[in-house]
2 protein chains.
Amino acid sequence: MRFHSPAIQYFHAVRRTGSIRAAARGLNVASSAVSRQILKLEQEVGSPLFERNARGLTLTTVGEMLARHVMNVLQDLDRFRSDVASLSGTWHGTVSIACIESLTESVLPDLIASHRGRARRVSFTTEVMGSSGVLEALSRGEADIGIAIALRHPPDLRQVALKRFRLGALVAREHPLARRKTVTLAQCLAFPVINALPELSIYHLLQPLIAQLPETPEPAIQANSIDLMRELAARGVGVAFQTQLGVGRLSRDSQLVFLPLDNAGSPVWSDLGIYVRAERTLPAYTESFLQELVRELGERERRENAAYPQVA
Amino acid sequence: MRFHSPAIQYFHAVRRTGSIRAAARGLNVASSAVSRQILKLEQEVGSPLFERNARGLTLTTVGEMLARHVMNVLQDLDRFRSDVASLSGTWHGTVSIACIESLTESVLPDLIASHRGRARRVSFTTEVMGSSGVLEALSRGEADIGIAIALRHPPDLRQVALKRFRLGALVAREHPLARRKTVTLAQCLAFPVINALPELSIYHLLQPLIAQLPETPEPAIQANSIDLMRELAARGVGVAFQTQLGVGRLSRDSQLVFLPLDNAGSPVWSDLGIYVRAERTLPAYTESFLQELVRELGERERRENAAYPQVA
DNA sequence: CATGTTGCTGCCGTTTCGGCAACAGCTATA
DNA sequence: TATAGCTGTTGCCGAAACGGCAGCAACATG
């Protein structure tokens with residue numbers, strides 16, 4: 001089922017690899033064939049598509065425009081294929097997800113497991129990265145669904161849903177703060193804290209609030225792994241901060257306690273966005289999983305915000 | 001700039017014409033070439049795309065799926081072309097509009113004229129048809145922008161905007177009703193009326209209201225042309241019904257008077273929808289005109305609904 | 001300076017494409 | 001019922017496009 005001219009596919013491969021020879025290797029063809037198709041494309045468009053650096057190729061402005069078109073074509077071809085397959089009862093395909101770390105502890109594994117239970121032929125590829133990386137991966141067509149902190153997103157992406165979760169402190173069961181219902185940032189900073197490094201979005205949520213406090217916090221541990229921070233908190237090393245999303249099981253086993261943050265009387269929100277390329281119709285199986293993801297996150301949002309009292 | 005395999009374009013032509021030979025004529029190639037490309041496509045998809053009737057070809061279910069994909073590809077190619085062109089300062093292209101008759105008197109000619117004044121290189125194709133025809137033309141990819149009475153639209157279309165205009169009676173200046181501010185349907189039916197035939201949407205707006213009246217109206221003129229109905233009303237033949245959109249100039253010349261309908265104390269609305277294919281990104285010049293169209297219709301909606309009193 | 005990489009280009013065999021003419025199947029008309 | 005006109009399909013063959021091989025110059029890295 002390859003009814004698009006080779007030029008399209010070759011161009012796509014060259015854009016991804018940034019090199020003609022590398023693309024040729026991946027396509028199992030001679031590099032000369034790839035080179036010629038690119039040259040032919042440039043001749044037909046009437047403008048160079050790549051800048052030839054000595055160490056590979058970079059897209060020109062026109063090249064980026066064509067890349068957008070080619071991505072639309074190939075992604076829609078994918079959707080068409082899945083539509084035809086689903087007509088003959090065969091539902092198969094791969095859902096590719098790019099997300100931030102908060103989802104890996106409970107939300108994503110639960111969802112994928114339950115989905116695979118129903119649709120065995122749908123496989124998954126998930127890649128964990130930073131919020132901006134998620135958006136970029138989506139833009140480059142390297143993922144179908146993205147979950148990230150809701151920043152300003154580029155116009156080629158569409159925000160399917162926006163869910164807010166309360167940011168809270170994570171402490172061991174034996175921690176002095178553990179018996180409270182909520183905590184303020186100042187109360188936490190009286191103890192050793194496990195700070196997020198700037199590459200984590202939690203850093204950018206908390207930093208402005210910390211800056212407002214009169215006292216400078218005592219030296220603390222810094223980390224860039226949500227998982228590590230959680231485990232550290234469980235061992236009583238200090239107070240960690242994250243949304244309750246990343247702490248489902250551990251808190252069920254009662255090793256950890258989650259305390260919603262109270263910032264001058266109001267909660268601290270962490271906004272999670274679900275993103276998709278705008279110029280695209282998803283394959284049925286991807287759309288189906290997306291709906292479940294939105295529903296599940298909405299469910300957790302409702303449940304968690306009901307479980308903890310509003311900070312008057 | 002034809003970097004898509006001939007099969008795609010041939011398939012598209014065959015779908016439109018419903019015949020291989022007709023498509024071949026339009027493409028200036030031998031019919032055998034077209035036939036082979038279609039056969040090759042069917043082989044690669046693994047399923048027939050057309051049903052061979054003795055008098056031409058009809059799409060199968062899989063064929064319709066491919067048609068959707070091909071339309072997405074070709075329309076997006078169009079957008080890409082316009083993007084490249086606009087990069088070199090050249091803005092040209094054709095905006096294709098399908099709309100109902102109410103727009104032809106004033107809205108569309110005004111807008112097109114003013115737009116061509118600014119962007120001389122953008123040309124227009126407009127086709128007038130019934131509301132359902134507008135939606136079908138859009139679905140088939142035969143128009144870029146559709147304006148129709150806001151019915152339930154198929155999922156492959158997107159309603160860009162929804163504007164409501166008051167339905168009213170149209171009478172000559174000398175008509176006995178002409179001095180009123182508003183009229184009820186019953187008042188109109190005391191005079192000869194010019195009824196719309198079922199192919200016009202006005203019929204479906206008024207019929208349920210007429211059916212509620214106790215008295216059966218006296219025999220009247222029936223027509224399927226908004227223009228004709230307007231001219232008849234101007235000559236004092238009877239009372240016509242339409243939105244004020246279709247009566248801009250004549251009422252300015254004071255030959256006609258527009259009287260908003262009052263139906264048991266509330267206005268009678270005619271909902272106008274602006275539609276676009278959902279799985280599509282419009283070329284810049286089309287998008288630009290679309291924005292103007294939405295703005296202009298919104299402007300008229302505001303102006304007209306302010307010009308006439310609310311029926312308490 | 002040597003080595004490895006990059007993209008590009010003749011040369012040539014293979015594949016694909018398209019035009020011509022003929023064929024079978026069907027419909028409408030006489 | 002016979003004929004004319006349409007439909008899509010199929011061999012045959014020339015032309016165009018494609019792809020592989022080997023070699024080229026340009027540049028980066030050691």
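Just so it is clear: chains get the letters A, B, ... in the order the sequence lines come, proteins before strands, and each one is counted from 1.
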Write out a two-atom table: protein N or O, nucleotide N or O from nucleotides 21-27 of chain D, distance below 3.5 Å.
residue, atom, partner, partner atom, Å
D:dC21, N4, A:S32, OG, 3.0

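Of the candidates B:V62, B:I38, B:T58, B:I38 is the only one forming a side-chain contact (heavy atoms from CB on, under 4.5 Å) with B:F50.
Taking the six-membered ring where the residue is Trp, the centroids of A:H4 and A:H12 are separated by 6.0 Å or more. For an aromatic pair to be called close, the ring centres must be under 6.0 Å apart, and B:F3 with A:F11 fails this. Between A:H115 and A:F124, the ring center distance clears the sub-6.0 Å criterion.
Between B:D144 and B:R277 there is no salt bridge, since no side-chain nitrogen of the basic residue lies less than 4.0 Å from a carboxylate oxygen of the acidic one. Taking 4.0 Å as the cut-off between side-chain N and carboxylate O, A:R52 and A:E42 count as a salt-bridged pair. Of the charged side-chain nitrogens involved, at least one lies within less than 4.0 Å of a carboxylate oxygen, so that A:R68 and A:E279 count as a salt-bridged pair.
Atom CD1 in B:I38 sits about 9 Å away from atom P in D:dT9, given to the nearest Å. Atom CD in B:E42 sits roughly 12 Å away from atom P in D:dG8 (whole-Å rounding). Rounded to an integer number of Å, the gap from CZ of B:R2 to C1' of C:dC17 is 11 Å. Across the protein-nucleic acid pair, A:N53 atom CG and D:dA28 atom P stand 10 Å apart, rounded to whole Å. Remark: P of D:dG19 and NZ of A:K40 are 9 Å apart, rounded to the nearest angstrom. As rounded to whole Å, 16 Å separates atom C1' of C:dC8 from atom CG of A:L49. Distance CD1 (A:I20) to P (D:dG19): 14 Å, rounded to an integer number of Å.
One finds a side-chain N or O of A:Q37 lying less than 4.0 angstrom from the OP1 or OP2 phosphate oxygen of D:dG19.
Each of D:dT9, D:dT7, C:dT6 was ranked by its minimum atom distance to the side chain of B:R25; first place goes to D:dT7.
A heavy atom closer than 4.0 Å to some atom of DNA chain D occurs in no member of residues 3-15 of chain B.
The closest donor-acceptor contact from the side chain of A:E101 to the backbone of A:I226 lies under 3.5 Å. No side-chain donor-acceptor contact under 3.5 Å links B:S35 to the backbone of B:S31.
Nucleic acid contact class of A:L57 (heavy atoms, under 4.0 Å, all strands): sugar-phosphate only.
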